[in-house]
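Single-structure report; data block below.
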Amino acid sequence: MENRIAVISIIVENTESVETLNGYLHEYGAYIIGRMGLPYQTGDKRIHIISIAVDAPQDKIAALSGRVGKLPGVSVKTAYSNVTSDGE
């Protein structure tokens, strides 16, 4: 299967979801190229902004995004590149 390059953008508003989120990222760690996380305080609300660069089959990217998006207080969007690579 052909791999796609993508960026998964995650905004965490509920810190109780962080442990589960990190478990998912660990589970898909073989596909992660890099990760950047930024804490951000706006008024009395603290959020975390995370960008994950991945090189994976499209179904794996969609599965990770879907699982992350179901977490309470977590928003996710995925941007796919037209660049592909040889798969697993």
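Just so you know, these numbers use all the heavy atoms, side chains as well, and skip hydrogens, waters and symmetry mates.
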Separation of Glu16 CD from Leu21 CG (nearest 0.5 Å)
14.0 Å
Rounded to the nearest 0.5 Å, the OH atom of Tyr24 sits from the CD1 atom of Ile8 at a distance of 13.5 Å
Linking I/L/V/M/F/W/Y whenever any side-chain heavy atoms sit under 4.5 Å apart, do Leu25 and Tyr28 land together?
yes
Spacing of CD belonging to Gln58 relative to CG belonging to Asn3, to within rounding of 0.5 Å
10.5 Å
Please tabulate, one pair per line, all N/O donor-acceptor pairs under 3.5 Å involving side-chain atoms of residues 62-76, not counting sequence neighbours.
unit_1	atom_1	unit_2	atom_2	d
Ser65	OG	Ile61	O	3.1
Ser65	OG	Thr78	OG1	2.6
Arg67	NH1	Glu27	OE1	3.2
Arg67	NH1	Glu27	OE2	2.8
Arg67	NH2	Glu27	OE1	3.4

Is there a path of hydrophobic side-chain contacts, each under 4.5 Å between heavy atoms of I/L/V/M/F/W/Y residues, joining Val18 to Ile10?
yes
Mind jotting down which residue pairs meet the salt bridge (Lys or Arg N to Asp or Glu O under 4.0 Å) criterion with at least one end in residues 29-42? Sequence neighbours excluded, please.
none
Using residues 39-53 as the side-chain source, report each donor-acceptor pair under 3.5 Å to any protein atom, sequence neighbours left out, with the distance given to one decimal.
unit_1	atom_1	unit_2	atom_2	d
Gln41	NE2	Gly43	O	3.4

